[in-house]
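Below is one structure, written out as structure tokens; the observations come after it.
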Amino acid sequence: ANKHKPWIEAEYQGIVMENDNTVLLNPPLFALDKDTPLRYAGEICGFRIHGQGVPFEAVVLDKTTGEGLIRAKELMDCEAQKEHTFTIQAYDCGEGPDGANTKKSHKATVHVRVNDVNEFAPVFVEKAYRVAVSEGKLFERILRVEAIDGDCSPQYSQICYYEILTPNTPFVIDNDGNIKNTDKLEYRSEHLYRFTVTAYDCGKKRASEDTLVEIEVKPMCKPSWQGWTKRIEYTPGEGSMALFPSIHLET
Ligand SMILES: [Ca+2]
Ligand SMILES: [Ca+2]
Ligand SMILES: [Ca+2]
């Protein structure tokens, strides 16, 4: 007779690497049956997975010990789905070879997390950046460049470093992509700076394409007199006349 139903834990945590299908389960999957060592009634014949479109299957490795494993039916894609939750149930072999009167365990919850693989390189939002700044000033920030990354985890999708590749520029970039000048720029010596910048994700994968930054230097306006003309019309006998009524110094 088959007196007892199999027993499994209430909950399991699984980890599967992206692009793989082996699930590491904690705790390991063992279905226990108190009818052991009775043949059939004390043996585990299978696991059943419940849930809609669950891309996992469970197989029995050893009928006698009730050891089983869960594996993905297809290669996992972290970018498509990071976590899968489903339920699993064990059943014994019943009362004979025909599998009559099998008993099922309760349903256990399984959470499987997909671990990210660093497949994507950072990509700059803009192919090139151009900005114009006044000469003679030190700026807190001239512009910000930004790269994004398609991986699913912070480690492999966040940008950890930006780097100016062109040597000897009077600019620095911080880890958020903010660019500032290290020296006051002078229109007389350089009208336009061009340099390339790259980015690395926190897994040290470099951007597939660098971006170009162009910084145009605008001359400061020199102070000059405005509102005067070289020629003045004066009709004799009109008395006094202001020479340049709207003259002012523009800076
Ligand atoms: Ca049993
Ligand atoms: Ca990445
Ligand atoms: Ca990935």
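The model shown is predicted, which means the values in this text are computed figures rather than measured ones. In listed order, ligands and their atoms are each counted from 1.
- For Arg71 and Glu57, the salt-bridge test passes: some basic side-chain N is under 4.0 Å from an acidic carboxylate O.
- Classification of the His84-Phe56 ring pair by plane angle, with boundaries at 30° and 60°, yields perpendicular.
- Per residue Asp116, closest N, O or S atom to the Ca ion (ligand 3): atom name OD1.
- Using a 4.0 Å cut-off between charged side-chain N and carboxylate O, Arg194 and Glu214 make a salt bridge.
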Quiz item: After noting the C-alpha distance and the side-chain angles of Lys218 and Glu135, does the key distance pass the salt bridge (charged side-chain N to carboxylate O under 4.0 Å, His left out) rule?
Solution: CA-CA 6 Å; Lys218 286 186 297 185; Glu135 66 173 344; over 6 Å; no
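- For the 3.5 Å distance criterion, the side chains of Glu95 and Asn101 qualify, holding a donor opposite an acceptor.
- Glu79 contributes OE2 and Glu119 contributes OE1; the angle these two atoms make at the Ca ion (ligand 3) is 100°, rounded to 10°.
- The nearest N, O or S atom of Tyr156 is closer to the Ca ion (ligand 2) than 3.0 Å.
- Note: angle at the Ca ion (ligand 2), from OD2 of Asp201 to OD1 of Asn118, is 80° (rounded to 10 degrees).
- Checked by atom type, the side-chain pair Asp35/His4 shows a donor-acceptor distance below 3.5 Å.
- Protein-derived N/O/S atoms nearer than 3.0 Å to the Ca ion (ligand 1) total 7, waters excluded.
- Taking the six-membered ring wherever Trp is involved, the centroid distance between the rings of Tyr156 and Phe120 does not fall below 6.0 Å.
- The O atom of Phe120, the Ca ion (ligand 2) and the OD2 atom of Asp151 define an angle of 90° (nearest 10 degrees).
- Considering the Ca ion (ligand 3) as centre, the angle to OE1 of Glu18 and to O of Val117 is 90° (10° rounding).
- Around OH of Tyr193, the count of heavy atoms belonging to other residues, nucleotides or ligands within 6.0 Å exceeds 12.
- When only modelled atom types and interatomic distance are considered, Asp151 and Ser157 share no side-chain donor-acceptor pair under 3.5 Å.
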